[in-house]
2 protein chains.
Amino acid sequence: MFQQALIYLQMQLSGYSRYTMPKPQVTDPEIMSDPTANDARLCLPSFFPYQLAVFSDDVSKAIAQLYRGRYKLSRQEWRVLAALGERDGLSAKEIAEYSTLDKTQTSRAAARLLHNGLIIRDEDDSDRRHLRHKLTGKGRAVYREIVPLVRARESYILSTLSEQETKELARLMTKVHQKALELQQWG
Amino acid sequence: MFQQALIYLQMQLSGYSRYTMPKPQVTDPEIMSDPTANDARLCLPSFFPYQLAVFSDDVSKAIAQLYRGRYKLSRQEWRVLAALGERDGLSAKEIAEYSTLDKTQTSRAAARLLHNGLIIRDEDDSDRRHLRHKLTGKGRAVYREIVPLVRARESYILSTLSEQETKELARLMTKVHQKALELQQWG
DNA sequence: CTATATTAGTTGCAAATGAAACTAAAAATC
DNA sequence: GATTTTTAGTTTCATTTGCAACTAATATAG
C-alpha cells in the first residue's frame, strides 16, 4: 500500500504522466532509465500513436455515453444527425464527406434514422440520384436536446485547460494531423 | 506532491484504481454548463471530440499501414506483439491490461499469433489458469523489424513539432484525458 | 473437507463492419 | 441518338466485434 504511494511519488518526479508512466510490473527498469538507448524495444505507453488512440477512445466514450444511453444512437447515427442538424437537406454523399463516414456507414445510419422517424428524405428533382436528407420534428428535437449535453461534456473535458492552452492543443493537433495525412497518402 | 501521494493512498484504500478514482471536487458537467452559452447548433468540425477522433484515426491508419500491409497483423495482434516484445512471459490478462485490449480481443489475437507461429504459450506451473505468452524466434524477428518502422513514422509525424511543443502536446493531452475519464466514470 | 465464489481464458451468437458487387440516374463520348 | 463512363446510393457476403455464457483452476467460507 505504502509502496504504491511511493511509486506514485516517483512517477510524479520522473516527469511521466499517470498515463504515460510504464507500469512497474511490466517494465524493464534498464529501458526506462534511458528511453533513447534501446532501439530494439518499443515502450507502448510512451508511443505517441498508442497514447493518442487510448486518449481519443476515452473521449469518444465519454461523449458516446450520452447519445447511446439516452437516445440509442450509434456513433454513425449521431454524426449523421449532427451533420443534418447543422445543415439540412444534404445528400448522403455530402453527409459522408462532412462527417467523415464512408458511404456504406452513411447509408445504413440514415436508414436507421429514417426507420426511427428522426429524418425523412426525398429525391432531388434536378438529379434523381441524390436524396435530400432532412430532420423531422422529432429528429430536430433530439438534436436540440443532445447538443447542449455534448457541448457541456466538451466544455467540461476542456475546462482543465486555459483558453490559451486549448488553442495551443488545437494548433499542435492540427500540425501533427497534417504530417499523419502525408504518411497515409504515401502508403 | 505529497498531497497527491496521500490522495493516492486514499484511492487505494477506497478500492478505486488510479483510473477509476473519481475526483470529489468536480461538479456534474451538466450543471456546469451555461444555458445561455448553448447555441442551438453544433459545428462538427470544431467540436473537440470529433476533431480528436478524426485525428487519432488518421494517425492510427498511418501506423497500421505498416503492420497490416507488410506483416498482415491486426491492430490487436500488433498490440499483443508489442506487449510481449517489451516484456516476455505475460499472461493474457496482463497483456490485456498493458495494451488496453479486452480479454476477448486478447484471446483471439493471441490465438492468431499462436497459429501463425509468432508466439508460444504454456501453463504457469504455480497457477494453471495462467498462460505465459512468449515470442518465438519468428515473433521476435517480426517485432524487431516493425519497431524501427513504427518509430520512424512516429518521429516523422512528430517532426513538425519542436522538442518543447511535443512535450506540451503530451502534457495537454494528459490533462484532458484525465477529465474525460472522470466523465466516463459517472456514466 | 465441502460448498461457494472468484479468476483466467475461450467460445457462441447476434450485430456491426468493410470491400466489392450491384442498381439506377446522369454525363460524357462517339 | 446510342454507347460508355461516372456518380449516388444500396445490398451482399465474409469477417470482425462485443457481450454474455461457458469451462477449468484456484481461493475462500462454512
Side-chain angles (χ1 to χ4, degrees), chain A residues 25-26 53-54 57-58 60-61 64-65 67-69 72-80 83-84 89-116 119-134 184 187, chain B residues 15 17 53-54 57-58 60-61 64-65 67-69 72-80 83-84 89-116 119-134 184 187:
Chain A
Q25 72 275 16
V26 288
V54 174
D57 199 49
D58 283 324
S60 284
K61 280 183 198 157
Q65 281 180 332
Y67 52 78
R68 256 188 235 288
K72 307 294 177 207
L73 297 172
S74 71
R75 176 196 181 90
Q76 289 86 348
E77 286 157 23
W78 153 242
R79 285 207 188 166
V80 170
L84 293 176
L90 297 174
S91 70
K93 195 195 179 192
E94 289 167 331
I95 294 171
E97 281 167 3
Y98 190 68
S99 57
T100 326
L101 297 172
D102 72 38
K103 63 178 182 172
T104 306
Q105 289 179 310
T106 306
S107 173
R108 292 202 257 240
R112 278 187 295 251
L113 292 174
L114 188 66
H115 181 260
N116 294 330
I119 67 171
I120 53 164
R121 52 188 189 180
D122 36 36
E123 287 181 349
D124 184 331
D125 291 328
S126 68
D127 185 341
R128 297 210 317 282
R129 288 172 305 183
H130 293 79
L131 293 174
R132 295 287 146 202
H133 295 66
K134 289 172 187 171
Q184 242 193 89
Chain B
S17 80
V54 175
D57 200 48
D58 284 326
S60 282
K61 279 183 198 157
Q65 281 180 334
Y67 54 78
R68 254 188 239 288
K72 307 295 178 204
L73 297 173
S74 71
R75 178 195 181 89
Q76 290 86 347
E77 285 157 24
W78 154 242
R79 285 207 187 165
V80 170
L84 293 177
L90 297 174
S91 70
K93 195 193 178 193
E94 288 167 333
I95 294 170
E97 282 168 2
Y98 190 66
S99 58
T100 326
L101 297 172
D102 71 39
K103 64 178 183 171
T104 306
Q105 291 178 309
T106 305
S107 173
R108 292 202 255 239
R112 279 186 296 250
L113 292 174
L114 188 65
H115 181 260
N116 294 329
I119 65 171
I120 53 164
R121 52 187 190 182
D122 36 36
E123 287 179 348
D124 185 330
D125 290 329
S126 68
D127 184 342
R128 296 208 320 281
R129 288 173 304 182
H130 294 78
L131 293 173
R132 295 288 146 199
H133 295 66
K134 289 174 187 170
Q184 251 192 80

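Chain letters run A, B, ... following the sequence lines, proteins first, then strands; residues in each count from 1.
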Could you list the residues that satisfy side-chain hydrogen bond (donor to acceptor under 3.5 Å, both in side chains) with A:Ser107, not counting sequence neighbours?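 Result, side-chain hydrogen bond (donor to acceptor under 3.5 Å, both in side chains) vs A:Ser107: none returned.
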Atom pair [atom1]/[atom2] of [X] and [Y] - distance to nearest 0.5 Å:
X        : Y        : atom1 : atom2 : value
A:Leu90  : A:Leu131 : CG    : CG    : 12.0 Å
B:Thr100 : B:Gln76  : OG1   : CD    : 12.0 Å
A:Thr106 : A:His133 : OG1   : NE2   : 8.5 Å
A:Leu114 : A:Ile119 : CG    : CD1   : 5.5 Å

By side-chain contact (heavy atoms from CB on, under 4.5 Å), B:Asp102 pairs with (sequence neighbours left out) B:Thr104, B:Gln105
side-chain contact (heavy atoms from CB on, under 4.5 Å) with B:Arg129: which residues, sequence neighbours excluded?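 Per chain and number, B:Arg129 pairs via side-chain contact (heavy atoms from CB on, under 4.5 Å) with B:Asp127.
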5' to 3' on DNA chain C, which nucleotides open and close the contacts with chain A (atom under 4.0 Å from a heavy atom)? C:dT17 to C:dA26
Contacts of B:Tyr67 that satisfy ring pair (Phe, Tyr, Trp, His ring centres under 6.0 Å) - sequence neighbours left out: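 Partners of B:Tyr67 by the ring pair (Phe, Tyr, Trp, His ring centres under 6.0 Å) criterion, ordered by chain and then number, come out as B:Trp78.
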Please work out if B:Glu123 contacts a base, only the sugar-phosphate, or nothing of the nucleic acid, heavy-atom cut-off 4.0 Å. nothing
Under 4.0 Å between any heavy atoms, over every strand shown, what does B:Arg121 touch: base, sugar-phosphate, or nothing? Just pick one.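 It contacts sugar-phosphate atoms only.
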Salt bridge (Lys or Arg N to Asp or Glu O under 4.0 Å) partners for [X], two or more places apart:
X        : value
A:Lys93  : A:Glu97
A:Lys103 : none
B:Arg108 : none

Run the salt-bridge test on A:Arg128 and A:Asp124 with the 4.0 Å N-O cut-off and return the result as yes or no. no
Has the side chain of B:Arg121 got a donor or acceptor atom that lies under 3.5 Å from a matching backbone atom of B:Arg132? no
For DNA chain C, the residues among residues 104-113 of chain A that have a non-hydrogen atom under 4.0 Å from it: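 The stretch gives A:Thr104, A:Gln105, A:Arg108 as the residues lying under 4.0 Å from the strand, ordered by number.
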Contacts to DNA chain C from residues 127-134 of chain B, heavy-atom cutoff under 4.0 Å, which residues? B:Arg129, B:His130, B:Leu131
First and last nucleotide of DNA chain D in contact with chain B, 5' to 3', at under 4.0 Å to a heavy atom: what are they?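 Going 5' to 3' along DNA chain D, contacts run D:dT17 to D:dT26.
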Name every residue in residues 89-98 of chain A that has at least one heavy atom under 4.0 Å from any atom of DNA chain D, in order of residue number, or write none if there are no such residues.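 Hits under 4.0 Å, by residue number: A:Ser91, A:Ala92, A:Lys93.
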